[in-house]
Amino acid sequence: MASIAGLTLKTPRILAKTSDSPKTKAINNFSFPWKKRFNTQFPRLVAAAAPEGLSEKVAESIKTAEEACAEDPVSGECAAAWDEVEELSAAASHAKDKKKESDPLENYCKENPETDECRTYDN
Amino acid sequence: MAVSTVYTVQSLNSTCSISKPTKTHLGFNQKQLVFFKKTTTTTTRRPTTVITCSAGDTVVIGLAADSGCGKSTFMRRLTSVFGGAAEPPKGGNPDSNTLISDTTTVICLDDYHSLDRTGRKEKGVTALDPRANNFDLMYEQVKAIKSGVPVEKPIYNHVTGLIDPPELIKPPKIFVIEGLHPMYDARVRELLDFSIYLDISNEVKFAWKIQRDMAERGHSLESIKASIEARKPDFDAYIDPQKQYADAVIEVLPTQLIPDDNEGKVLRVRLIMKEGVKYFNPVYLFDEGSTISWIPCGRKLTCSYPGIKFSYGPETYFGHEVSVLEMDGQFDRLDELIYVESHLSNLSSKFYGEVTQQMLKHADFPGSNNGTGFFQTIVGLKIRDLFEQIVASKTGAPLEATKA
């Protein structure tokens, strides 16, 4: 039971990051839990989109920050805007790393090392 | 045969945390009945549940770093020293910043933000500002975990910028709090058994951020520079002063071996270790307390350009006596690593070559060929040593522990 649960639980981890594409930004705040549950039912559709949403967010936040700082370079708003850029860039790079690491066979074998596909022999 | 293991603790403050192995040792999954009670002895009828009760013997480690939380290389190395891989909690919020392994739980202090991203934008404060963080909640929850009580900790979702519903954190043997302000609040500082500050110099920070962000659409050299500059005042005012409180500081600077190097690939790393910290014996080279400068490359060991240079000596850091071990350059081969390791003393390794073995285990991590990975691994071993000493002192004096 836990092994199957482990499989289905793994995919939502990649998915939930897609719940904030620009088109649904406004909806996101109100129906956030709904959006998450919706995503978990359709794993294969959205797995690749994760960094795209984040990349666009990063690009937008940079534009916002540049605008905010054009008005007043030493204000709190300017600092907060660039801080947001930094946070989103960090999240984007983590998402990229995570994407690189998610090999479905490796994930399955982490949960089920004794199955035939995953047995390792040292000699 | 099925075996049940029960540890019981009689003290008033003890609570039992239950760890459920996902599979029984017989190889199939059984439904597990779990009893969770405070202050009384507990037995299980099912042989598959392990109940461990910690009577407040959680060791709390603080790590101050600017790199975002929980997924950092330092944490992965640290948890690997204790054994087991640290992973996000299964079945919980997928955007959780927490990492859990068998012995260690790492939480991200961003979870104690009192203002979410929109809130901070409205008020015009950065995440570095103490006004954006709830230190009272941080103190209460760290205190609770330290005394063995599970807590419901909020989650700060870095992707959406919102504060998500809380997750349950059970007291582990080693509890690591990682983030921007572990040592900012004096009450939280008192709870820390050991604290580390990761001090990246501005040039290296700039070089790393360029590597990280240049591939990102929308970023340019100017935007990266502007981002660092805009955060600098808050960083210098709130984050940087924490390094005077740290028991160990890992300082990362540009190399001195290559003149005018601005790529940030070769690094000079200094491990600044405070003297007089309980259960912590600084690492030294050749002779404790003397000043040594050492280039291991020569007849016995051939290194490629730019080579490796070590130095060790006593210094003062913000008014404290410290010992500084410094490494400049990078490792190219396994035998360089083992050669260097064999000449260092007080590493707290359990067998010859343990540091090298840990470095090899994670050869794909960044910093695996220079002082950052090397000193992070050594700090990991030191923390393990500290943990074992604390546990030994607690079991040696159980009456004092239950009275406290």
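Source: prediction; values computed, not measured. Just so we're on the same page: letters track the sequence lines, and every chain starts at 1.
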CD of A:Glu77 to CD of B:Glu122: how many Å apart, nearest 0.5 Å?
10.5 Å

dist A:Ser61:OG -> B:Arg117:CZ (nearest 0.5 Å) comes out at 8.0 Å

Nearest heavy-atom contact between B:Arg212 and A:Ser89 is NH2-CB, 3.5 Å

What option among B:Lys232, B:Arg120, B:Glu222 has the most heavy-atom pairs under 4.5 Å with chain A?
B:Arg120

Ignoring hydrogens, what is the shortest heavy-atom contact between A:Trp82 and B:Ser223? Give both atom names and the distance.
CZ3-O, 3.5 Å

Just verifying a value: how many Å separate A:Leu88 CG and B:His219 NE2, rounded to the nearest 0.5 Å?
9.0 Å

Check each of B:Val125, B:Thr126, B:Asp234 against A:Asp83 using the side chain to side chain contact (heavy atoms under 4.5 Å, CB included) test, and report the only one that passes.
B:Thr126

Within 6.0 angstrom of B:Lys123 NZ, more than 12 heavy atoms from elsewhere:
no

Got a second to check how far A:Ser93's OG is from B:Gln211's CD, nearest 0.5 Å?
11.5 Å

Give, for atom OG of B:Ser227 and atom CD of A:Glu66, the distance between the pair rounded to the nearest 0.5 Å.
11.0 Å

Is it the side chain or the backbone of A:Ala81 that comes within 4.5 Å of chain B heavy atoms, both, or neither?
neither

Return the NE2 to CG distance between A:His94 and B:Asn97, rounded to the nearest 0.5 Å.
9.5 Å

Quick one: does any side-chain atom of B:Lys209 pair with a main-chain N or O of A:Glu86 as donor and acceptor, under 3.5 Å?
no

